[in-house]
Amino acid sequence: MRKNKVEIIFQSFNVLRKLNANVDLSANYLSKNVYKKSKIYISNKEIIKYWKLYLTGKANYIDAKLSSTIKSKNKRYFENVVFLHVFRDSSFDCIDKDRIFADYFDWVVATINIIKDSKETWLLRQHPSAKRWGEDTDVIMNYIKMKYFNGKFPKNLVYKTADTSNINQFKNANRVVTYSGHPHLEASCFGKKPIIISRTTLSDYNKELYFKPKNYNEYKKIMLIN
């Protein structure tokens, strides 16, 4: 179709978008012009109101709402957090030719291999909506542990379900890592510069707001630096 210069329009979340001639992106990747124009329609008052709702667990985005209303079972918050995706979700709604890992599985295995050399403690946080997707992430993580790490994750890595509020976790985290998930936006709102692997909502807005490693060695360096 592209060879014949046919315009491709797709629909997602009740939004119609025309695909770029050379790039396949999902509906939540916006150009900087869209951000600029949105200021005409969305006032600062509305933005502040939305943020206040988010902080009280009343966000419109269901995943953010679920994760922010979790009642913390303990008072331990980690300074380094890897936010897992739902493995059954697709990382191919965006074809980012510059990303250094093919998919979530590849990324998680490589990330754990890096973390084992870290002098700091890390949290590998399960996605709060995994069960809603019909996924038992424990089964997948146990498979990874047995196949790639001789049945044991590194001692400095804690893997567990989301038993603390995202809000409290973001407030206490120094390093936030996600493949391309919503936590990169939340981290930015809390003044943290997330580490991402693939293109995200912020990619075309401001490249100073995140780290996106160009290769494995750069990723490892960012993950291990004090």
Side-chain angles (χ1 to χ4, degrees), residues 12 23-30 61-64 66-67 78 80-116 118 122-133 135-141 143-145 147-149 153-154 157-162 166 169-170 173-190 192-207 209-224:
S12 179
V23 184
D24 290 313
L25 296 176
S26 64
N28 60 331
Y29 298 102
L30 307 176
Y61 182 55
I62 186 65
D63 284 345
L66 287 172
S67 55
F78 292 78
N80 304 290
V81 188
V82 178
F83 286 86
L84 292 177
H85 287 251
V86 177
F87 284 88
R88 295 183 65 175
D89 195 0
S90 174
S91 59
F92 300 106
D93 59 342
C94 167
I95 308 300
D96 182 353
K97 295 178 181 179
D98 295 324
R99 67 188 183 198
I100 60 176
F101 299 114
D103 55 30
Y104 303 145
F105 194 95
D106 186 27
W107 164 63
V108 168
V109 173
T111 299
I112 296 173
N113 263 316
I114 291 172
I115 287 174
K116 74 177 188 296
S118 173
W122 288 75
L123 169 66
L124 203 61
R125 182 183 170 100
Q126 186 184 114
H127 196 289
S129 295
K131 288 184 178 179
R132 293 178 61 244
W133 279 75
E135 175 179 293
D136 189 341
T137 309
D138 290 348
V139 172
I140 299 172
M141 295 306 298
Y143 171 80
I144 291 174
K145 179 170 62 178
K147 183 174 178 63
Y148 298 98
F149 300 98
F153 284 139
L157 175 67
V158 177
Y159 162 70
K160 61 179 179 178
T161 57
N166 257 16
Q169 187 58 75
F170 283 121
N174 288 331
R175 188 160 19 208
V176 172
V177 187
T178 176
Y179 190 91
S180 59
H182 197 269
H184 88 281
L185 281 173
E186 296 169 288
S188 298
C189 289
F190 280 100
K192 313 298 168 76
K193 194 171 180 177
I195 301 169
I196 63 173
I197 301 303
S198 189
R199 284 187 65 155
T200 61
T201 305
L202 283 180
S203 291
D204 295 317
Y205 179 67
N206 189 334
K207 293 182 180 180
L209 296 180
Y210 59 85
F211 293 106
K212 186 174 185 286
K214 296 178 182 178
N215 52 56
Y216 177 84
N217 288 333
E218 186 175 319
Y219 181 50
K220 185 175 182 178
K221 182 180 179 180
I222 294 172
M223 293 286 282
L224 298 181

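Keep in mind it's a predicted model, so treat the numbers as computed, not measured.
The pair Asp106-Arg99 does not count as a salt bridge, with every side-chain nitrogen at least 4.0 angstrom from each carboxylate oxygen. Under a 4.0 Å N-O distance rule, the pair Arg199/Asp204 qualifies as a salt bridge.
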Report task. Kindly determine whether Trp122 and Phe153 satisfy side-chain contact (heavy atoms from CB on, under 4.5 Å), including the steps that lead there. Result -> CA-CA 11 Å; Trp122 288 75; Phe153 284 139; over 6 Å; no
Requested in this report: Report the C-alpha separation of His182 and Thr201 in whole Å, then their side-chain angles, then the decisive distance to 0.1 Å, and conclude whether the side-chain contact (heavy atoms from CB on, under 4.5 Å) test is met.
Outcome: CA-CA 8 Å; His182 197 269; Thr201 305; over 6 Å; no
Query raised in the report: Ile100 and Glu218: side-chain contact (heavy atoms from CB on, under 4.5 Å), yes or no, with the steps?
Result: CA-CA 10 Å; Ile100 60 176; Glu218 186 175 319; over 6 Å; no
Query raised in the report: Are Tyr179 and Val108 close enough, and set up right, to give a side-chain contact (heavy atoms from CB on, under 4.5 Å), and what steps lead you there?
Result: CA-CA 9 Å; Tyr179 190 91; Val108 168; over 6 Å; no
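Note that the CG atom of Asp96 and the NZ atom of Lys212 stand 4.0 Å from one another [nearest 0.5 Å]. We find the CD-CD distance between Glu135 and Gln126 to be 7.5 Å, quoted to the nearest 0.5 Å. With values rounded to the nearest 0.5 angstrom, Ser203 atom OG is found 6.5 Å from His184 atom NE2. Put simply, CG on Asn174 and CZ on Phe78 are 13.5 Å apart, with the number rounded to the nearest 0.5 Å.
Here the closest heavy-atom approach between residue His85 and residue Thr178 is recorded as NE2-OG1, 3.3 Å.
Between Phe83 and Phe170, the ring-plane angle classifies as parallel under the 30° and 60° cut-offs. Taking the six-membered ring where tryptophan is involved, the planes of Tyr104 and Phe87 are perpendicular, since the angle between them exceeds 60° and thus also 30°.
More than 12 non-hydrogen atoms from other residues, nucleotides or ligands lie less than 6.0 angstrom from NZ of Lys116. In the displayed structure, Tyr205 atom OH is contacted under 6.0 Å by at most 12 heavy atoms of other residues, nucleotides or ligands. Residue Lys145 places its NZ atom among more than 12 non-hydrogen atoms of other residues, nucleotides or ligands, all under 6.0 Å distant.
The side-chain contact (heavy atoms from CB on, under 4.5 Å) with Ser188 is formed by just one residue from the set Thr200, Val176, Leu202; it is Leu202. Of the options Leu157, Asn80, Leu224, a side-chain contact (heavy atoms from CB on, under 4.5 Å) to Ile115 is made by Leu157 and by none of the others.
Between Asp138 and Tyr159, the side chains place a donor N or O and an acceptor N or O closer than 3.5 Å (distance only, hydrogens not considered).
Considering only residues two or more places apart in sequence or on other chains, Asn217 meets the side chain to side chain contact (heavy atoms under 4.5 Å, CB included) condition with Asn215. Remark: Ile195 pairs with Arg175, Val177, Phe211, Pro213, Tyr219, Ile222, Met223 by the side chain to side chain contact (heavy atoms under 4.5 Å, CB included) rule, at least two apart or across chains.
Inter-residue side-chain proximity for Tyr148 and Asn113 is flagged as unmet; no heavy-atom pair is nearer than 4.5 Å.
Judged by distance alone, with hydrogens and angles left aside, the side-chain atoms of Lys192 form a donor-acceptor pair with the main-chain N or O of Ala173 at under 3.5 Å.
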